[in-house]
Each structure stands twice: as structure tokens, then as C-alpha cells.
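Order of the sequence lines sets the chain letters (A, B, ...), proteins ahead of strands, with each chain counted from 1.
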There are 2 protein chains.
Amino acid sequence: MTVSRALNRPEIVADDTRHKILEVCERLNYRPNANARSLRTNTSHQVGVIIPDWRNAFWIDVVSGIEAVLTGAGFQLLIANSNEQGRREDLQIEAMLSQSVDGLLIAPSDGAPSGDSLSRIDELLAAGMPLVIIDRLPAGIANVSCVTIDNESGAYKATRHLLDGGHRRIGLLAGNINLDTGQQRVDGYLRGLKERGLAVDEQLIRTAETNAALVGREVGYSSTLEFLDMDNAPTALLCTSNTIAIGAIAALQERRVQIPEEMAIVSFGDMEWTTLLSPPLTVITQPTIEMGRQAGLMLLEYLEDVPEDGHKRHRKQRRIVLEPQLIVRASSVRGAAAKTIPDD
Amino acid sequence: MTVSRALNRPEIVADDTRHKILEVCERLNYRPNANARSLRTNTSHQVGVIIPDWRNAFWIDVVSGIEAVLTGAGFQLLIANSNEQGRREDLQIEAMLSQSVDGLLIAPSDGAPSGDSLSRIDELLAAGMPLVIIDRLPAGIANVSCVTIDNESGAYKATRHLLDGGHRRIGLLAGNINLDTGQQRVDGYLRGLKERGLAVDEQLIRTAETNAALVGREVGYSSTLEFLDMDNAPTALLCTSNTIAIGAIAALQERRVQIPEEMAIVSFGDMEWTTLLSPPLTVITQPTIEMGRQAGLMLLEYLEDVPEDGHKRHRKQRRIVLEPQLIVRASSVRGAAAKTIPDD
DNA sequence: TGGCAAAAAGTTAACGTTATCATACCCTCC
DNA sequence: GGAGGGTATGATAACGTTAACTTTTTGCCA
């Protein structure tokens, strides 16, 4: 009816008719039914976002970046927390498709039973669903657009910084190395050592089964205690996530280990509290908000790429890799002033 | 058609028909359309959650509690961040109603232009929409169910603790006192002083215009510096939020003020990092997750209260007030041992 | 004034479900 | 063998919107 036109394309309705309609809408407290609209148009102005753990500030920041871009463009976010469980992730994708979301932003969980949600993602791509993968890129997925962080480079920078500080035995508290991000951080660490011709001591590398926040903290704590009990304990610690770092620092404080004199420490992810610690924490910043922003923008391109011929256009796959930065603070430098190391 | 029955009420369909149907669904990759279903049934299994600031860990924890309860009961969460802006909150409620959410959980923003979203909430209640207010209860709303924290009690406990420690001049870094939570914290502080017959020095009470995280931090920082510059500076600080505390601690560290010898500090909200500080931070715990859980359960009661007669049942209003706890750590107690300094 | 194009408004059907009612089928029992 | 009662399935309409098409109105010019 004309009402629909008055609300959606006011310019093609005569002025006084429009005013009359709007006035009546106002009086009747009329509210368009989004479900009916979605049913008819097969578009919802909703975008699904699936993250693995929203108790971790990392992911909240990512979502903030996404939100800034997408709600600005008139999309509503459907946020789901997979809790690092592939099965949940799968169900959530399913639920979002049921609601005919216009697009999806997914950070694959580390617990994906490989086949399951990967093939689901392949299906989505084949169906032409606008989709951008964030932060993690499981090996099995090809031809997908994604925004990630150069974890290898981040870990390398951290390792080199510690080596420059004279450390020769550096403990690596890695997350789940079944995840590409986890493995990349190990790779960066190894590159740092190799570059200096240092042998790798497998005992100095600890991994976790999952990246879930609570587990990270626990692993950081117990692994650090184990390090401290070694005959030739490391003199520096590289923590590959803020949750791991929290556990590690707790362990060091408990044992009254002096930072950085007895143990230097570098962590991943700058948090609001890292500068409040004594000493302040050296970190590899994760450009989380920016990652969210870029992923949002990328998805937006796809969303605005209207399929005029009714058939989904074959889209070029794009990949953005963001560079992490090293911020040197006192936790990793013996008696020296802290400064930011410029990118090289 | 029979398909609908096979999927929704399998027990009333003959076994072999059902199997045939399910097999075909599988083969065709059939997925029920949630919009069509919502349109027809006028129910969406979605619950809207509106919080004022998801960059603040406080709210993320609240949402976690809500999620634990509601997704377990088969509801999907629609999370919106009002950014402490009444106008956004209003639009978000509107959008959620368009999508025929089954219920709403709202933490009213502090920037509500009083009339606007309050009357909207009244409307919702009148229309029988299941609705639970969380954490904050604006003065204008009556007859609504809510789950809150006893802020007055929390601030009182903190104040009493500091008074017990011998402090006589306690700086109060309050948030937005136009918000009931903010005013209640001031009230608790005043009760503490009054109980000991101490005069109130208005100069020791600082408030903020809004509870937005960034502002909180800034206010904590600058107000603390102002305190330190006073002729008779306070010897203790009561911060009414974790963001304010972050700013305050930053200021104290910058001025190299010894905690707790020169300035004791108590904060609201226990975070994962509060024990990592030197000294560890004394806090009033906010039962955030529990608040979310209770709000979720309360809403669930309303949701399950099916209107058999087609007319919304008049429901009893319920209120739950959760009690915060004082956790004493070294930031508020002089000397290694946590011993109480006798009164006068 | 008639004719014609453009603008505005109206009509119809369809999106994919499910509530409701109608039908077909199968058994049991007198 | 037919009435009665259950169970399983089928048919129809409706939820509120909009795409596509049709009709009406308006405005303009010859």
C-alpha cells in the first residue's frame, strides 16, 4: 500500500498524502514489523558476529570495532559467543542463517571438530553469503576473505627484544597451537632464536589445550611455577595472551620473583591495567579495534555489492594482515627507561 | 503442512512419515525460516539486552550471567550498547520491538532525556511486555521488576572500613549522581561519616557527568591530582567504579604517592587484575554475574507465564537487591598485617 | 478541449510459516 | 457391516510486508 512507500521512499509520495500517513502512524503508534519485512525482502539489516569468548577483553575490543563500522551503516549486530566450542559455533551459524542475516563475521573456535564448521563455512561461501573471517584462519578454509594480525611478527619482535636484553633462555607460554595464531606465535619465537643461532629448548615451550580465558590463566600460572622449579630456569617469559600473563604474574608474585631482575616478562595485548602494574608490563599490542573495523569495512563492501542480476556476483577474496607493535615498559628491561620501539 | 508438525511436534506424526520428511529435509538442506515463524507466531525466542557500555567489564559480566540463563532456556540474546545515550537506547528498544522480541532486559542509560525512554518503558509495561530493569532504577519508573545491587551498603562498608583504619578525611570519587546508583554510593559514604559523628567536607566529594568508561578514568585521574594538591589532602580514596580507580591509581603512581601509607584506596568492582597490583586493591565486589543471572531468571518466569486467555496476565512486580561484599587487601591497610586501627 | 505523459495511488500476489478446520484412514465393537 | 472414535494427514487462510503491475489523477501542451 501507499503506506509502505511513504515510509521507505518518501520522495515518490505526494507531500500531503505522506503527511497524513505519518500523522496516522504516529497516532496509532504504528511500528513496521521487521519479520514481515525480512520475510518479504529476504534481507534483515542484521549481521551475525561469532566470537569464541566474550569474557576476554580482546574479543570485546574486536566487537567494538565491528560495531563502530556496521551500526553506523545501519546494520544491527547479532553477537554470539561460541565459547571455543565448534558445536556451539555451528548451531549459532545455523540460527543466524535462519534469521536471514545479511552477512557474517566469524572468528572460528579452536575446538572446531575440524570437519564440521569448516564445511559449513565452505557452504556459506559457495552460496555467496558475505562472510569475513576474523583473527584466525583454520587450515581447511580456502578462498575466504579475512582480517588477521601478524602473530609471527609480534612474537618475533618480543623475542628479539628479550634477546637484545641479554636473555638467552626465554620461556614461551603459548596458547593452543592447533590454532594458526598459536602456531604462528611459536614460529615467531623460533625465528628469533634461530636468527641468533640459539638452540631451542623444547622444555621452555608450553602450550595449552584451548584458548578459553580461564584455562589461559591456569596454564600461565602452573607453567610459570614449573619454569621456576627447573634447574636452569628461564630468565624471561613471553606470554602469548593477556590471560596467560595474568596467571604468570600471579605465580611470579607468589614466589616473590623480582620483575624484571630475576624474570623479565612480555605479554600479548595491551590492557587498561598493564601500566598500573609494578613494574608496568611490556606488551605486544594487538590492534583489536582496528581488526574489527577492517573486518566490518570489508564485509560492508560485500553487503553493498548488490547482486543486480539476482545472481550473487563472484567476489574477489581479500586478506588484510595487521601489524602488532612492541611497547617496551619496565617489566622487560633491567633498570632502563621504557620506550616504544618503532616498526622496521 | 505435515512437515511443520514433523519438526515441531514429532510425537504426533507417524514414525515412517516423520523419517521420510527428515530425510528429505536433510537432503535439501532445508532450514526453517525464523522470520516467517516469528511473523506467524508472533514470538521470536529472542530477548533484547540493552546495556550502557560494553567496554566496561562490569557490563560484560552482567551479560554473561544473563546469557548463561537465557541461552540455556533456548533464547537468543540481542545485545545493544546504548553508550549511555538515551536517544540510542530509545532507538534500540524500538528496533527490538520491531523484531518482536519476547522480552527485554534494560539497564537505563544515564543520559536519558528523562521523559523519553522512561515513558517508553511505561508503555512497554502497560502493553504487558516481559521486562526486567537491571542495576539502575530511574526515579520516574514505577511498578517495574528489577535486580539491583545495594550500592548504599557497599559504599557504607567501604567507608566504615577506612574509618576503622583511622582515616578521617576520605576522598569520594563518585560517578554520575543523577543516576540512582551514583547517589546511593554517596549516601552510603555519608552514612559512614555520620555514624562516627564526622563532618562532611563537600570538597572531598567529586562527581562525574556520565558513567562512560573513558570519562570515569579521566575523572578519577584529575580529581585525584586535585585532592593531592589540597592543603589538607585526604588520606584515603573511595572510588565508586573500576574505571575511576584506574584513573586514580595512575595519578597516585605518577605523583609517587605511597599506597596505602600516604593514601589508602578502595575501589568498586573486583577485576582479574586487582590482585596483581602492588599493593593489591581492596574492593567492594559487585555481584555482576549473579545480577545477570537473577535478572535472566526473573525474565524467564515472565516468559514462561503463557497468556492462555490471549490477554496478558497482570504480573506481580518483583525486586531483588544483591549485597556487595568488602574484600580487604593491602591497598587500604597500613602495615603488612591487616590489623584494624582502633577508633580514636 | 482533447490528448497524452508523468506522477500518484491502488491491487494483487507472494515471502514461509502455523492455527484451524476438514478429510481420510484405521481400528474396535455391537 | 456399519456406527463410533481415534489417529494421521491434507487444505486453507492468515501473519505484515513489498515487488510488480494496473488504475487513477494530475499537469501540460497543442
Query raised in the report: In this structure, are over 12 heavy atoms from other groups packed under 6.0 Å from Glu26(B) atom CD?
Result: no
Query raised in the report: Given atom CG of Asp16(A) and atom C1' of dT25(D), what is their separation to the nearest angstrom?
Result: 13 Å
Requested in this report: Would you mind reading off the distance between Asn33(B) atom CG and dC15(C) atom P, rounded to a whole angstrom?
Outcome: 12 Å
Query raised in the report: For Glu11(A) and Tyr30(B), take the nucleotide of DNA chain C holding the closest heavy atom to each; which residue's nucleotide lies nearer the 5' end?
Result: Glu11(A)
Query raised in the report: Which part of the nucleic acid, if any, lies within contact of Asn42(B), taking any heavy atom under 4.0 Å across all strands shown: a base, the sugar-phosphate backbone alone, or nothing?
Result: nothing
**Report entry** Closest nucleotide among dG16(C), dT18(C), dG10(D) to the Thr41(B) side chain
**Finding:** dT18(C)
Report task. Return the minimal non-hydrogen interatomic distance between Ile21(B) and Ala6(B), and the atom names on each side. Result -> CD1-CB, 3.7 Å
Report summary line: Testing dT9(D), dG16(D), dC21(D) for proximity to the side chain of Arg5(A), the answer is dC21(D)
Report summary line: From CD1 of Ile21(B) across to P of dT17(C) the rounded distance in Å is 13 Å
Query raised in the report: If you look at every strand shown and take non-hydrogen atoms under 4.0 Å, does Asn35(B) touch a base, only sugar-phosphate, or nothing?
Result: nothing
**Report entry** Distance in angstrom units between Leu7(A) CG and dG16(D) C1', rounded
**Finding:** 13 Å
Query raised in the report: Does Gln92(A) use its side chain to pair, donor to acceptor, with the backbone of Asn81(A) at less than 3.5 Å?
Result: yes
Report task. Tell me what Arg31(B) touches on the nucleic acid: a base, only sugar-phosphate, or nothing, going by heavy atoms under 4.0 Å. Result -> sugar-phosphate
Query raised in the report: Rounding to a whole Å, what distance do you find between Lys20(A):NZ and dA8(C):P?
Result: 14 Å
Report task. Figure out the CZ/C1' separation between Arg40(B) and dA19(C), and round it to whole Å. Result -> 5 Å
Query raised in the report: Is the count of non-hydrogen atoms from other residues, nucleotides or ligands lying under 6.0 Å from Glu209(B) atom CD greater than 12?
Result: no
Requested in this report: Dot-bracket notation for DNA chain D is requested: 5' to 3', Watson-Crick or G-U wobble pairs only, both distances under 3.5 Å, with ( ), [ ], | and . as defined.
Outcome: ||||||||||||||||||||||||||||||
Report task. Would you check if the side chain of Asp102(A) reaches a backbone N or O of His45(A) as a donor-acceptor pair within less than 3.5 Å? Result -> yes
